[in-house]
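Since the structure comes first, as structure tokens, the remarks are kept for the end.
Atoms within a ligand are numbered from 1 in the order they appear, just like the ligands themselves. Because only heavy atoms are used, hydrogens play no part in the values below, and waters and symmetry mates are left out as well, while side chains stay in. Note that the structure is predicted; figures quoted are calculated from it, not measured.
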Amino acid sequence: MSTLKTKIEFLKGVGPQKGELLKTELGIFTIGDLLMHFPFRYVDKTKFHLTKDIGPGMDGESVQLKGVLRRMEMKGDGRAKRLVARFRDETGMVELVWFKGAHWIQKSLQTGVEYIVFGRINDFKGRISIPHPEIEPVADSNLKNALTLAPVYPSTDKLNNKGLDAKGQRKLMAVIMNKITAEDIPEILPKYILDKMNFPSRYTSIRDIHFPKNQIALRAATNRLKFEELFFLQLRLLQIRKNRHQALLGYQFPKIGENFLGFFNEKIPFELTGAQKRVIKEIRRDLGAGKQMNRLLQGDVGSGKTMVGLMSMLMALDNGFQSCLMAPTEILAQQHYLSISEYVEGMGIRVGFLSGSVKGKKRKALLELLALGEIDFLIGTHAVLEDPVVFKNLGLAITDEQHRFGVKQRSRLWKKSKPYPPHVLVMTATPIPRTLAMTLYGDLDVSVIDELPPGRKEVKTIHKYESGRLRVFGFMRDEIEKGRQVYVVYPLIEESETLDLQNLEEGHISISREFPMPKYQISILHGRMKPADKDFEMQRFVKGETQIMIATTVIEVGVNVPNATVMVIENTERFGLSQLHQLRGRVGRGGDQSYCILMTGNKLSNDSKQRIQTMCATNNGFEIADADLKLRGPGNIEGTQQSGTLNFRIADLVQDGAILKTAREIANRILDDDPKFEKPQHNPIQKYMEHYGRKVKGWSRIG
Ligand code: ADP
Ligand code: MG
């Protein structure tokens, strides 16, 4: 049996107890697993410091020293009991201190002997010491080894207590490296890739990631291992996508007919943007191919996704199929229903609306028409997914604002149509950072609308403290004077819902005082209201009967009131970046200059400051998503939490965008050229994918 497959407890220096810990704490079962447990940082031990250079102001800095242990003594009592040793080199002296295990340490060290010491300086009110240093007799240490970049491994308290701290793990790693040779670690990348990218072999990279000779070797090893990790993931995701394209038959919509053309030639109220045209073509190609479409449509707020959805529905209709369009909230579904009904008015297209609030006879009648095929477009909330809702022939299902739908809900769609599942188009305005999209949705087809309709003015974003409130009121008054409308939004976070509502109500009172009736009319909207009341308030605002809309984040998604030009966000520090961007997208929808005012308290955390700066600096959803990724890390971006594909060993989506892009391109080329990896140069890939491929599951059936 090869060394790498040997159980971890049989490695010299491990044994059953430590072996068990490595399994439970780190998921390490074999020697090979441990070898793939990479350092997360390195400490620079490439030189020795001199004690004379150690002084105040160096608190927390790491130093490596060579010298002789002079006097050791126990000091203090109880908790303050500690071992203090004087450590001297040619230039001076520094104190080493141990609180834990002091007796044991004292026994294991000898005065008069030369040691190498490594640790962090502690400056306690001018008294300099090095607490709990690593210490090793010069005689034992291979001096050449001492002068390295020393790897530091992820560890846990339990591991540290059993001697498997950074130093302990480093020792084990050295034992393994001494045992194995290049033959134990075969190459898994084709030679031509290594040559082209100037990568070291797999063996060299793994050796150097643990014990780099210098920064250059470390960088080469890191790059190669990052690439390897991203490359095989991309290869697998793209493979899943290819297989899906080949396997999943779907309805074929070959015709572009009277509805699509009639609408396009006579009814469409504006010229489509280039991006809209491109995406409609992509969808048209999908729908004509006889394969089931599973497409994610990303487009910033206001980029005109609804029109793309509508035109896709017209294609389905021309081929004799029904479509549905679902939105996450009643308000948004209503808006879609109204705007789409208006767009297609006079074309004889039958548009139906379904939500939880459609009940009784009305509901029964609608469901009958739907089952008979007398409804062409069904627009609604996720009530559309309920079992009693039966279509005659559902050919296309569109969901708006995808991240609000659970995976389960979406899978119910698939049951609504036989023999094939409907084509699925998922529209989202939550920009996903490109690197994340490539990984999370790497097996999906993605379309991007990266262009806003012409004539839009960028929303101007301004940060204001509480002290500037009167001026903000003044500004609102000026805009209302010009005939515009204003949103004032309060955060709503579940844990403190009562408190937040109180905020909202207090805000309502102060705004009502500032903007008195009858001159001003105010709408108020929050999640605790009945759907009918919400709708009533929303409609008053949509129709321009009220000038100010005070709301919680229920208005976040999709509401379209082009005459609204000011968005005031209260307690901005409590919103995440993507939410702020969504909210800002409610204004700037007409031709007038719009404004977003970010109100905050005086005390701001660094994170809040950065979020606010980002908002003021850019209107681009993708830039904001990238900033969000940097601030929060990939695991915390909405919708990514459950995804195992983001647990990387060494790659980092924040930093490694360029490597990812290259890896994906190369993977794509190989799949086009040699999909089964049969060519001799792809032999290593074929071998590796045999077991790796089974571990990665695609997102695939999002529909
Ligand atoms: P979102 O992508 O956020 O869902 P919408 O579909 O709601 O955006 O469109 C936002 C606004 O832009 C709507 O008022 C819509 O009528 C308008 N619009 C969409 N496409 C165009 C276009 N090509 N030219 C001008 N206005 C457009
Ligand atoms: Mg929309």
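- Within ligand 1, counting atoms from 1 as listed, the ones closer than 4.0 Å to a heavy atom of Thr273 are 23 (N).
- With no hydrogens or angles considered, no side-chain donor-acceptor pair links Asp286 and His423 at under 3.5 Å.
- The only member of His581, Glu623, Gln613 that meets side chain to side chain contact (heavy atoms under 4.5 Å, CB included) when paired with Thr618 is Glu623.
- Here's the thing with Phe270: none of its N/O atoms is less than 3.5 angstrom from an N/O atom of ligand 1.
- Atoms of ligand 1 found under 4.0 Å from any heavy atom of Leu272, numbered from 1 in the order shown, are 23 (N).
- Here atom 7 (O) of ligand 1 lies nearest to Arg589 when heavy atoms of Met427, Lys305, Gln298, Arg589 are compared.
- Between Glu665 and Lys661 there is a salt bridge, with a side-chain nitrogen of the basic residue lying less than 4.0 Å from a carboxylate oxygen of the acidic one.
- At a heavy-atom distance under 4.0 Å, only backbone atoms of Glu271 (N, CA, C or O) approach ligand 1.
- Side-chain N/O atoms of Ser447 and Arg295 include a donor and acceptor closer than 3.5 Å.
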Run the numbers on Asn503 and Glu570 for side chain to side chain contact (heavy atoms under 4.5 Å, CB included), then give the verdict.
CA-CA 9 Å; Asn503 269 346; Glu570 297 287 345; over 6 Å; no

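- Checking only distances, Gly304 does come within under 3.5 Å of ligand 1, N or O to N or O.
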Could you please spell out the steps behind the salt bridge (Lys or Arg N to Asp or Glu O under 4.0 Å) verdict for Glu282 and Arg285?
CA-CA 5 Å; Glu282 286 166 355; Arg285 203 181 314 127; 5.7 Å; no

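- Between Phe475 and Tyr595, the angle of the ring planes goes over 60°, which puts this pair in the perpendicular group of the 30/60° scheme.
- Within the listing of ligand 1, atoms 4 (O), 5 (P), 6 (O), 7 (O) sit less than 4.0 angstrom from a heavy atom of Thr306.
- Counting heavy atoms only, Arg456 comes closest to atom 12 (O) of ligand 1 of the residues Arg456, Arg586, His336.
- Using a 4.0 Å cut-off to heavy atoms of Tyr343, the atoms of ligand 1 that qualify are 16 (O).
- The closest non-hydrogen atom to atom 20 (N) of ligand 1, taken over Gln276, Met307, Glu451, Gln335, comes from Gln276.
- Neither the backbone nor the side chain of Gln582 comes within contact range of ligand 1; no heavy atom lies under 4.0 Å.
- Using modelled atom types, one finds no donor on one side chain facing an acceptor on the other under 3.5 Å when comparing Thr306 with Tyr343.
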